[in-house]
Visitor: 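I have a structure here, written as structure tokens, and I will follow up with some questions on it.
One is the number of the first residue; the rest follow in order along the sequence.
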Amino acid sequence: MDATEADRLSACYPILDRLSADARLRVLRNARWMRVPAGAMLFDDRQACEGFPFIVEGSVRVSKCAPNGRELPLYRVAPGETCIISSSCLLGHEDYKARGVTETDTLLMLLPKTVFDDMMNERPFRDFIFHLFAERIADLMQLIEEVAFRKLDQRLAALLLGKGRMLHVTHQQLADELGSVREIVSRLLKSFADQGLVRLAREQVEILDPAGLRKLAAEGSTKA
């Protein structure tokens, strides 16, 4: 690893500068750098975990996949963040139980499993892992609440908001984000269009009534 790579890694993960000199040197010497194109699968269900990823550029989408092909997005890993699926697999000596796919061109450093195990003896590193572990668990609990207690029309309305007036997105992409199927999402979008909330075109959703969408997201549909 050259000085530039080490600087970029530390900029994203300042925790590395708090390690002992010997521990930090071991991390840098054993770092495996990977540049991965968008859409590449980093890991999948029942695969062994080979190491712990540190994201320096790009984004990784982590999803739970069903046998019928449906996916439920769990979280995204951006620079400076951690993947709790990877850490739980390493700590529990288990295979992956989810899928990780790069959303954009991604640069990451993979810390080999043996080095990760040793770093858990370093108090700053251990605290870092468990702190972000707790944050991710809170995010996942919110996701469970969304899926279990909010109707799909509310979740779709909330998903459309905050992305500008014009969304360039397919119905399948929206379905993937919601862990649903395209046919149901298409039907809901057509209902939104009939209510004057949106205008639909090929791979495009135009927001016409953001206030109406916000009300729907908060209260749900009044239709039986």
Visitor: Are Cys83 and Phe43 packed together at the side-chain level, in the sense that at least one heavy-atom pair is separated by less than 4.5 angstrom?
Guide: yes

Visitor: Do Ile15 and Asp127 have side-chain heavy atoms sitting under 4.5 Å apart?
Guide: no

Visitor: Does the side chain of Val185 reach to within under 4.5 Å of the side chain of Leu188, using non-hydrogen atoms?
Guide: no

Visitor: Would Leu16 and Leu25 show up in the same hydrophobic cluster when neighbours are defined by side-chain heavy atoms closer than 4.5 Å?
Guide: no

Visitor: Go through the steps to decide whether Arg136 and Val77 satisfy the test side chain to side chain contact (heavy atoms under 4.5 Å, CB included), and finish with yes or no.
Guide: CA-CA 10 Å; Arg136 287 293 188 198; Val77 187; 4.1 Å; yes

Visitor: Would you name the heavy atoms of Leu216 and Gln154 that are closest together and state the gap between them?
Guide: O-CG, 3.3 Å

Visitor: Can you find a pair of side-chain heavy atoms, one from Leu108 and one from Leu42, that are under 4.5 Å apart?
Guide: yes

Visitor: Test side chain to side chain contact (heavy atoms under 4.5 Å, CB included) on Tyr75 and Asp139 and set out the steps.
Guide: CA-CA 8 Å; Tyr75 57 87; Asp139 292 340; 5.7 Å; no

Visitor: Does any non-hydrogen side-chain atom of Asp209 lie less than 4.5 Å from one of Phe192?
Guide: no

Visitor: Does Thr104 use its side chain to pair, donor to acceptor, with the backbone of Ala38 at less than 3.5 Å?
Guide: no

Visitor: Looking at every non-hydrogen atom in both residues, tell me the closest pair between Leu152 and Ser180 and how far apart they are.
Guide: CD2-OG, 3.4 Å

Visitor: For Arg32, look at atom CZ and say whether over 12 heavy atoms of other residues, nucleotides or ligands are found less than 6.0 Å away.
Guide: no

Visitor: Please report the closest heavy-atom contact between Leu74 and Ala98, naming both atoms and the distance.
Guide: CD1-CB, 4.3 Å

Visitor: Are any of the side-chain heavy atoms of Lys97 and Asp45 separated by less than 4.5 Å?
Guide: yes

Visitor: Checking side chain to side chain contact (heavy atoms under 4.5 Å, CB included) for the pair Leu208/Leu197: CA distance, chi angles, key distance, verdict?
Guide: CA-CA 5 Å; Leu208 299 179; Leu197 301 173; over 6 Å; no

Visitor: Please find the pair of heavy atoms, one from Pro37 and one from Asp105, that lie closest to each other, and give the distance.
Guide: CA-OD1, 3.5 Å

Visitor: Same cluster for Val101 and Leu72 if Ile/Leu/Val/Met/Phe/Trp/Tyr side chains link at under 4.5 Å?
Guide: no

Visitor: Under a 3.5 Å distance rule, please check whether Tyr13 uses its side chain to pair with a backbone N or O of Gly80 as donor and acceptor.
Guide: yes

Visitor: Got a second to check how far Leu132's CG is from Ile84's CD1, nearest 0.5 Å?
Guide: 10.0 Å

Visitor: If you look at every heavy atom in Asn30 and Pro112, which pair is closest and at what distance?
Guide: O-CD, 3.3 Å

Visitor: Less than 4.0 angstrom from a charged side-chain N to a carboxylate O is my criterion; do Arg24 and Asp17 meet it?
Guide: yes

Visitor: Kindly indicate whether the side chain of Phe52, heavy atoms from C-beta on, has any atom under 4.5 Å from the side chain of Val115.
Guide: no

Visitor: I'd like to know if Leu159 and Leu161 are part of one continuous hydrophobic network [Ile/Leu/Val/Met/Phe/Trp/Tyr, side-chain heavy atoms within less than 4.5 Å].
Guide: yes

Visitor: Return the OG to CD1 distance between Ser88 and Ile137, rounded to the nearest 0.5 Å.
Guide: 8.5 Å

Visitor: Find the distance between CG (Leu90) and CD1 (Ile85) and round it off to the nearest 0.5 Å.
Guide: 11.5 Å

Visitor: Is Val62 reachable from Met41 through a run of I, L, V, M, F, W or Y residues, each pair having side-chain heavy atoms under 4.5 Å apart?
Guide: no

Visitor: Is Lys163 atom NZ crowded by more than 12 heavy atoms from other residues, nucleotides or ligands, each under 6.0 Å away?
Guide: yes

Visitor: Once you round to the nearest 0.5 Å, how far does OG of Ser87 lie from CZ of Phe130?
Guide: 8.5 Å

Visitor: Check Arg18 with Glu122, please: is the shortest side-chain N to carboxylate O separation under 4.0 Å?
Guide: no

Visitor: Taking the side chain as C-beta and beyond, is there a heavy-atom pair between Leu110 and Pro53 under 4.5 Å?
Guide: yes

Visitor: Which residues satisfy the side-chain hydrogen bond (donor to acceptor under 3.5 Å, both in side chains) test with Arg99, sequence neighbours excluded?
Guide: Asp44, Glu71

Visitor: Please name the pair of heavy atoms, one in Ala158 and one in Ala217, separated by the smallest distance, quoted to 0.1 Å.
Guide: N-CB, 3.9 Å

Visitor: Measure from the side-chain N and O atoms of Ser191 to the backbone N and O of Leu189, and report whether any donor-acceptor pair falls under 3.5 Å.
Guide: no

Visitor: By the salt bridge (Lys or Arg N to Asp or Glu O under 4.0 Å) test, which pairs, at least two apart or in different chains, include something from residues 168-185?
Guide: Arg61-Glu177, Arg76-Glu177

Visitor: Kindly determine whether Leu107 and Arg8 satisfy side chain to side chain contact (heavy atoms under 4.5 Å, CB included), including the steps that lead there.
Guide: CA-CA 11 Å; Leu107 176 66; Arg8 295 185 67 188; 3.7 Å; yes

